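Keep in mind it's a predicted model, so treat the numbers as computed, not measured. Positions are given from 1 along the sequence.
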Amino acid sequence: TANRQSMHTDSIWNQWLFQLIGKKIFDWFELLSHSKYKFQILHLLPNRFNSINNELKISFDKSFELYGKSKQFVPNKSSQLKKATEIIIDRTGLSEQDFIATEAIIEYINRETGKTFSISSFIHPKLVLKHKLNSLGAYAFDLENLEEFFVDEIFKANHQPSQNFSLIKYFYDRDKYLNNKEYTDKLKSLPFIYAKGKKMRSPHQLMFPGIKDLESEVEDEILNSLPKIHKEVNQQIENNIEIKLWLEKLGVKESEQILE
């Protein structure tokens with residue numbers, strides 16, 4: 001009955017059992033992390049109860065958090081086992097690319113979080129349901145983090161205009177693959193393109209450099225009000241019509257559009 005179940009929550013013995021269950025889950029995970037199922041173990045990770053009244057659920061949650069953060073069962077990129085709190089989940093995919101130094105990403109994350117992540121902190125790409133580790137203290141590096149990262153001095157010191165087209169193409173390929181309106185809309189305001197003066201700007205803040213000089217001072221003043229894509233970057237864009245058309249859809253303007 002309901003009353004009988006309620007009485008059981010006050011049992012010290014039952015509370016200890018629920019605490020033990022929270023611990024044994026991660027003892028089990030440590031064993032499975034050495035097996036052929038190591039990349040599927042998060043299918044078995046339960047959710048917290050998040051109860052404030054039931055003592056049994058509270059006992060489980062406390063134990064779940066303690067051992068979930070202290071046990072080493074998460075494989076990194078080299079298949080070394082780490083604690084969840086030692087793990088970075090890179091949802092941007094940029095740590096896998098050679099046009100951005102992985103060390104720059106780590107330096108930025110460490111500064112923002114006050115932690116001491118390293119190259120060995122990145123999670124193994126084959127691990128399924130990575131997002132479930134967020135509740136155990138893993139750090140997620142996501143598209144939302146890039147808006148501040150791309151305008152940070154750490155990024156600019158490690159990414160040159162000569163590399164910027166590779167970054168642009170990366171987002172072009174990813175946008176084409178995902179075919180997701182929400183993702184596309186986020187790119188419109190993401191500062192991933194070098195402008196003149198080596199400043200990172202978003203597509204809707206930029207225009208393509210004009211092909212010829214303008215005679216009208218009024219026109220010149222209007223056009224100078226909007227930053228132009230860095231010359232070195234634009235040269236590569238002009239050689240790839242598909243990417244140029246894609247950037248136009250994201251908001252980069254031609255000089256003729258501004259003067260209309």
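Heavy atoms from other residues, nucleotides or ligands lying under 6.0 Å from NZ of Lys62 number 12 at most. Atom CG of Leu245 sits in a crowded spot, with more than 12 heavy atoms from other residues, nucleotides or ligands closer than 6.0 Å. Shown here is Glu148, whose CD atom has no more than 12 heavy atoms of other residues, nucleotides or ligands within 6.0 Å.
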Item checked: Worked verdict on Lys253 versus Gln205 for side-chain contact (heavy atoms from CB on, under 4.5 Å) -> CA-CA 9 Å; Lys253 297 176 177 61; Gln205 295 176 313; over 6 Å; no

Next item on the list: Show the numbers, then the answer: is there a side-chain contact (heavy atoms from CB on, under 4.5 Å) between His230 and Lys196?
Entry: CA-CA 4 Å; His230 193 285; Lys196 184 179 179 181; 5.7 Å; no

Note to self: Is there a side-chain contact (heavy atoms from CB on, under 4.5 Å) between Ile193 and Arg201? Walk through the geometry before answering.
What the structure shows: CA-CA 5 Å; Ile193 306 168; Arg201 302 285 187 181; 5.6 Å; no

Next item on the list: Output, in order, the C-alpha distance, side-chain angles, deciding distance and verdict of side-chain contact (heavy atoms from CB on, under 4.5 Å) for Thr184 and Leu187.
Entry: CA-CA 5 Å; Thr184 304; Leu187 291 179; 5.5 Å; no

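In summary, the side chains of Ser33 and Glu30 do not present any donor paired with an acceptor at a separation below 3.5 Å, with no hydrogens or angles considered. A donor-acceptor pair shorter than 3.5 Å can be found between the side chains of Thr92 and Asp90.
Counting heavy atoms from C-beta on, the side chains of His124 and Phe39 come closer than 4.5 Å. For the pair Phe60/Pro46, a side-chain contact is recorded, criterion being any heavy-atom separation below 4.5 Å from C-beta on. The shortest side-chain heavy-atom distance between Ile58 and Asp61 does not fall under the 4.5 Å cut-off. Counting only heavy atoms from C-beta outward, the side chains of Ile123 and Leu133 approach each other to under 4.5 Å. In this structure the side chain of Lys24 never reaches within 4.5 angstrom of the side chain of Ile21, judged on heavy atoms. Leu136 places a side-chain heavy atom less than 4.5 Å from the side chain of Phe26. Side-chain contact between Tyr139 and Asn145 is present, with heavy atoms from C-beta onward closer than 4.5 Å. For the pair Leu226 and Leu206, the minimum side-chain heavy-atom distance is 4.5 Å or more.
Residues forming a ring pair (Phe, Tyr, Trp, His ring centres under 6.0 Å) with Tyr37 (at least two apart in sequence, or on another chain): none. Applying the ring pair (Phe, Tyr, Trp, His ring centres under 6.0 Å) criterion to Trp28, with sequence neighbours excluded, gives no partner residue. The side-chain hydrogen bond (donor to acceptor under 3.5 Å, both in side chains) search around Asn76 returns Gln80, not counting sequence neighbours. With sequence neighbours left out, Ser63 forms a side chain to side chain contact (heavy atoms under 4.5 Å, CB included) with Gln19, Lys23, Tyr67. Residues that satisfy the ring pair (Phe, Tyr, Trp, His ring centres under 6.0 Å) test with Phe165, not counting sequence neighbours, are absent from this structure. Judged as a ring pair (Phe, Tyr, Trp, His ring centres under 6.0 Å), and not counting sequence neighbours, Tyr183 has no contacts. With sequence neighbours excluded, the residues satisfying side-chain hydrogen bond (donor to acceptor under 3.5 Å, both in side chains) with Glu242 are Tyr172. With sequence neighbours excluded, the residues satisfying side-chain hydrogen bond (donor to acceptor under 3.5 Å, both in side chains) with Asp173 are Lys169. Judged as a side-chain hydrogen bond (donor to acceptor under 3.5 Å, both in side chains), and not counting sequence neighbours, the contacts of Lys181 are Asp185.
A salt bridge between Glu107 and Arg111 is absent, with no side-chain N of the basic residue lying under 4.0 Å from a carboxylate O of the acidic one. Using a cutoff of 4.0 Å between basic side-chain nitrogens and carboxylate oxygens, Asp142 and Arg91 are scored as salt-bridged. For the pair Glu147 and Lys186, the salt-bridge criterion is not met [side-chain N within less than 4.0 Å of a carboxylate O].
Shortest non-hydrogen contact noted between Phe73 and Gly68 is CE2-O, 3.7 Å. Among all heavy-atom pairs drawn from Ile41 and Lys38, the shortest one is CG1-O, 3.6 Å. The shortest non-hydrogen separation linking Ser95 to Thr102 is O-OG1, 3.2 Å.
In terms of hydrophobic clustering, with Ile, Leu, Val, Met, Phe, Trp and Tyr side chains grouped at heavy-atom distances under 4.5 Å, Leu167 and Leu178 are assigned to a common cluster. At a threshold of 4.5 Å between side-chain heavy atoms, the hydrophobic network of Ile, Leu, Val, Met, Phe, Trp and Tyr places Val128 and Phe29 in one connected group. Cluster annotation: Leu129 and Val74 are assigned to the same hydrophobic cluster (Ile/Leu/Val/Met/Phe/Trp/Tyr, side-chain heavy-atom contacts under 4.5 Å, transitive). Leu66 and Leu17 fall into different hydrophobic clusters, where Ile, Leu, Val, Met, Phe, Trp and Tyr side chains are chained together by heavy-atom contacts under 4.5 Å. Under a hydrophobic clustering in which Ile, Leu, Val, Met, Phe, Trp and Tyr are joined whenever their side-chain heavy atoms come within less than 4.5 Å, directly or via other members, Ile119 and Ile105 fall into the same cluster.
Of the possible polar contacts, one joining the Lys132 side chain to the Leu45 backbone as a donor-acceptor pair under 3.5 Å is found. Panel note: side chain Arg48, backbone Ser135; a donor-acceptor pair is recorded below 3.5 Å.
For Phe49 and Phe64, the ring centers sit 6.0 Å or farther from each other.
Taking the six-membered ring for Trp and thresholds of 30 and 60 degrees, Phe192 and Trp246 have ring planes inclined between 30 and 60 degrees apart.
Counting Ile, Leu, Val, Met, Phe, Trp and Tyr side chains that sit under 4.5 Å apart, directly or through other members, Ile12 stands alone, with no cluster partners.
How far CD1 of Ile25 is from NZ of Lys71: 12.5 Å, rounded to the nearest 0.5 Å. Distance check, rounded to the nearest 0.5 Å: CG of Leu94 to CG of Leu146 gives 5.5 Å. Summarising the geometry, atom OG belonging to Ser79 is positioned 11.5 Å from atom NE2 belonging to His34; distances are rounded to the nearest 0.5 Å. To the nearest 0.5 Å, the span separating OG on Ser166 from CZ on Phe171 amounts to 12.0 Å. Here the CG-CG distance, from Leu42 to Leu32, works out to 10.5 Å after rounding to the nearest 0.5 Å.
Just one residue in the list Ile237, Asn234, Asn239 forms a side-chain contact (heavy atoms from CB on, under 4.5 Å) with Lys244, and that residue is Ile237.
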List the atom pairs, donor and acceptor, that lie under 3.5 Å between side-chain atoms in residues 81-89 and the rest of the protein, sequence neighbours left out.
{"residue": "Lys82", "atom": "NZ", "partner": "Ser120", "partner atom": "OG", "Å": "3.3"}
{"residue": "Glu86", "atom": "OE1", "partner": "Lys83", "partner atom": "N", "Å": "3.0"}

Anything under 3.5 Å between a donor and an acceptor, one on a side chain of residues 155-162, the other on a protein residue two or more places apart or in another chain? List them.
{"residue": "Lys156", "atom": "NZ", "partner": "Glu153", "partner atom": "OE2", "Å": "3.3"}
{"residue": "Asn158", "atom": "ND2", "partner": "Ile154", "partner atom": "O", "Å": "2.7"}
{"residue": "His159", "atom": "ND1", "partner": "Phe99", "partner atom": "O", "Å": "2.9"}
{"residue": "His159", "atom": "NE2", "partner": "Asn164", "partner atom": "ND2", "Å": "3.3"}
{"residue": "Gln160", "atom": "OE1", "partner": "Lys198", "partner atom": "NZ", "Å": "3.0"}

